[in-house]
Colleague: 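This is the structure I have questions about; it appears just below.
Note that the structure is predicted; figures quoted are calculated from it, not measured. When a ligand or atom number is given, it counts from 1 through the structure's own listing order.
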Amino acid sequence: MSKPLMTTIPVRDAVGTVLCQDITRIEPGKSKGPVFRKGHVVRAEDIDILLSVGKEHLYVYEPRAGLVHENDAAERIVAAVGGKHLERTAPKEGRIDLKAACDGLLRIDVPTLTAINSLGEITVATLHSLHFVNRGRAVAGMRVIPLLIEDAKLQAMERLVTGPVIEILPLKSARVGVVTTGSEVYSGRIQDAFGPVLKKKFAALGSTVMGQMLTNDEERMTAEAIRTFLAQGADMVVVTGGMSVDPDDRTPSAIRASGADILSYGAPVYPGAMFLLAYAQGAAGRVPVLGLPGCVMYHKASIFDVVVPRLLAGLELKAEDIIALGHGGFCSQCPECHYPVCPFCK
Ligand SMILES: Nc1nc2c(c(=O)[nH]1)N[C@H]1C(S)=C(S)[C@@H](COP(=O)(O)OP(=O)(O)OC[C@H]3O[C@@H](n4cnc5c(N)ncnc54)[C@H](O)[C@@H]3O)O[C@H]1N2
Ligand code: MOO
C-alpha cells in the first residue's frame with residue numbers, strides 16, 4: 001500500500017513541507033486573512049509565526065512523483081485552454097483567472113469545456129460564449145479541487161484540447177451604412193432618433209457609421225439606398241423601422257428588392273422579434289444587411305447587442321443561430337437594466 005499523502009506532523013518538524021490549507025490570522029477589529037497560503041513551503045522563520053496563530057501541528061502533503069501541486073496544475077490548465085487576446089493572473093489559492101486583453105467577442109469551445117469539467121477534479125468556469133466583452137473583463141477561472149492531482153488526469157485534459165477553448169475574437173472596425181425608413185421621419189414630422197442611438201452603439205463596438213440616408217416607406221427608395229451603401233463599400237448595412245405588421249412596414253420587402261439574400265426574418269428574442277438578417281454582395285464583399293425594428297432604438301439591450309458583435313467578429317450566422325437565441329431571449333425589462341450582466345440571450 002502506498003504511504004498516505006496527508007500526514008500530521010509537529011510544526012517544529014515542518015520545515016520544507018507544503019501547507020495544504022491557508023493558515024488564517026485574525027487580529028480582532030484589525031484584520032483577518034491568510035498569514036500563509038495553501039501550498040506555501042514552510043521555512044525555519046515561519047515556525048514562530050505558526051505557533052503564534054495556534055498551530056502546533058500541521059497537515060502536510062508530501063510531494064510524490066506523478067502528482068502535481070494545485071498551482072502547477074492551474075498553470076497546465078491555462079496553457080491548454082487559453083487562446084488569443086487573453087491575459088492571465090498569477091495563481092492565487094490554486095486558481096488562475098483569464099481577462100480579456102482587448103474588446104471583442106468571447107468564444108468558448110463549450111463541448112471541450114464540458115469534457116474537461118467531466119474529468120472530475122479539474123474545473124474551468126467561464127462567462128457565456130459568443131458575447132461581447134470589454135478589455136479587462138474577467139472571463140474565466142480555472143483550478144483543480146485537490147491540493148495534489150494525478151499528472152495522468154492533467155494529461156487526459158491536455159489530450160481533449162484540439163484548439164483554443166477560451167479566446168477573444170477582436171471585432172472588425174466596420175463602416176456601416178444606415179438606411180432609416182419612415183415617412184414621419186423623411187417628411188420631417190418627427191426628428192430621427194435611431195441614427196444617434198446606432199452611432200453610439202457602433203462606436204462602443206469600434207465601428208463607425210459611414211452615413212445615414214432617410215427614405216419614405218417606398219420599397220424602391222429603400223432598396224436603392226441599400227444598394228448605394230453596398231456600392232460605396234459598406235461593411236454592413238442596417239435598415240431601421242418599418243419591420244412589423246402595418247401596411248406601411250415595407251422594410252423586409254425592400255431588403256429583398258435590394259438583391260440581398262434573407263436568412264432569417266422574425267427572431268425568438270424580445271426585444272427584437274421583428275429582426276431580419278440578410279447578406280448581400282457589395283464592393284466590400286459579402287456583407288450583412290440587417291433590418292432593425294423600432295425596439296432597438298428604444299431599449300438599452302435588444303437583439304442588436306447580441307447579434308452585431310458576432311457579425312463584427314466575422315462569424316457567418318445562420319438561421320439556426322438566431323433560432324437558438326430563444327432560450328434566454330426574453331428580456332424581463334428590469335426597472336434598472338444591468339445588461340450585459342444579466343441572463344438575456346445567455
Ligand atoms: N399589432 C402589432 N403591433 C406591433 C407589432 C406586431 O407584430 N403587431 N410589432 C411590435 C414590435 S416587435 C416592434 S419592435 C414595433 C416597431 O416595429 P417597426 O420596426 O415596424 O417600427 P415602426 O412601425 O416603423 O415605428 C414604430 C415607432 O417608432 C417610431 N420610429 C421609427 N423610426 C424612427 C426613427 N428613425 N426616429 C424616431 N422614431 C422612429 C415611429 O414613429 C413609431 O412611433 O412594433 C410593435 N407593434
Ligand atoms: O422587434 Mo420588437 O422586438 O420585439 O420589440
Colleague: Should you measure from each heavy atom of Asp249, which atoms of ligand 1 turn up under 4.0 Å away?
Modeller: 20 (O), 23 (O)
Colleague: Less than 4.5 Å apart, any side-chain heavy atom of Met210 and any of Phe229?
Modeller: yes
Colleague: How does Asp192 reach ligand 1, if at all, at less than 4.0 Å between non-hydrogen atoms: by side chain, backbone, both, or neither?
Modeller: both
Colleague: Looking at Pro293, which atoms of ligand 1 are within less than 4.0 Å of one of its heavy atoms?
Modeller: 14 (S), 19 (O)
Colleague: Using only atom types and a distance under 3.5 Å, with no angle test, would you say the side chain of Tyr265 pairs donor to acceptor with the backbone of Gly291?
Modeller: no
Colleague: Using a cut-off of 6.0 Å, state whether more than 12 heavy atoms not belonging to Glu56 lie near its atom CD.
Modeller: no
Colleague: Could an N or O of ligand 2 be found under 3.5 Å from any N or O of Cys295, whether backbone or side chain?
Modeller: no
Colleague: Side chain of Thr251, backbone of Gly241: donor and acceptor closer than 3.5 Å?
Modeller: yes
Colleague: More than 12 foreign heavy atoms under 6.0 Å from NZ of Lys153: is that the case here?
Modeller: yes
Colleague: Could you tell me, atom by atom, which parts of ligand 1 come under 4.0 Å of a heavy atom of Ile190?
Modeller: 37 (C), 38 (N), 41 (O)
Colleague: Are Phe194 and Tyr298 an aromatic pair, judged by ring center distance below 6.0 Å?
Modeller: no
Colleague: Could you tell me whether a side-chain N or O of Ser118 sits under 3.5 Å from a main-chain N or O of Thr114, the two making a donor and an acceptor?
Modeller: yes
Colleague: Name the closest protein heavy atom to atom 3 (O) of ligand 2, giving the residue it belongs to and the distance to 0.1 Å.
Modeller: Gly272 N, 2.5 Å
Colleague: Please could you name the atoms of ligand 1 that Ala193 approaches to less than 4.0 Å, counting only its heavy atoms?
Modeller: 34 (C), 36 (N), 37 (C)
Colleague: Against heavy atoms of Gln191, which atoms of ligand 1 measure under 4.0 Å?
Modeller: 36 (N), 37 (C)
Colleague: Check this for me: does any side-chain nitrogen of one of Lys99 and Asp97 sit under 4.0 Å from a carboxylate oxygen of the other?
Modeller: no
Colleague: With a cut-off of 4.0 Å, which atoms of ligand 2 are near a heavy atom of Ala273?
Modeller: 1 (O), 2 (Mo), 3 (O), 4 (O)
Colleague: For the NZ atom of Lys300 and the NZ atom of Lys201, what is their distance to the nearest 0.5 Å?
Modeller: 8.5 Å
Colleague: Is the number of heavy atoms from other residues, nucleotides or ligands within 6.0 Å of NZ (Lys199) greater than 12?
Modeller: no
Colleague: I'd like to check which ligand 2 atoms, numbered from 1 as shown, lie under 4.0 Å from a non-hydrogen atom of Pro293.
Modeller: 1 (O)
Colleague: Using a strict cut-off of 4.0 Å, indicate which atoms of ligand 1 neighbour a heavy atom of Thr180.
Modeller: 35 (N)
Colleague: Number the atoms of ligand 1 from 1 as they appear, then name those within less than 4.0 Å of a heavy atom of Glu184, with their elements.
Modeller: 40 (C), 41 (O)
Colleague: For ligand 1, indicate whether the residue Met274 contacts it via side chain, backbone, both or neither (heavy-atom separation under 4.0 Å).
Modeller: side chain
Colleague: Protein heavy atoms near atom 13 (C) of ligand 1, is at least one of them under 4.0 angstrom away?
Modeller: no
Colleague: Near Gly242, which atoms of ligand 1 are under 4.0 Å from a heavy atom of that residue?
Modeller: 18 (P), 19 (O), 20 (O), 21 (O), 22 (P), 24 (O)
Colleague: Write out the residue and atom name of the closest protein heavy atom to atom 1 (O) of ligand 2, then the distance separating them to 0.1 Å.
Modeller: Met274 N, 2.9 Å
Colleague: Looking only at non-hydrogen atoms, which of Gly241, Ser244, Ser183 approaches atom 46 (N) of ligand 1 most closely?
Modeller: Ser244
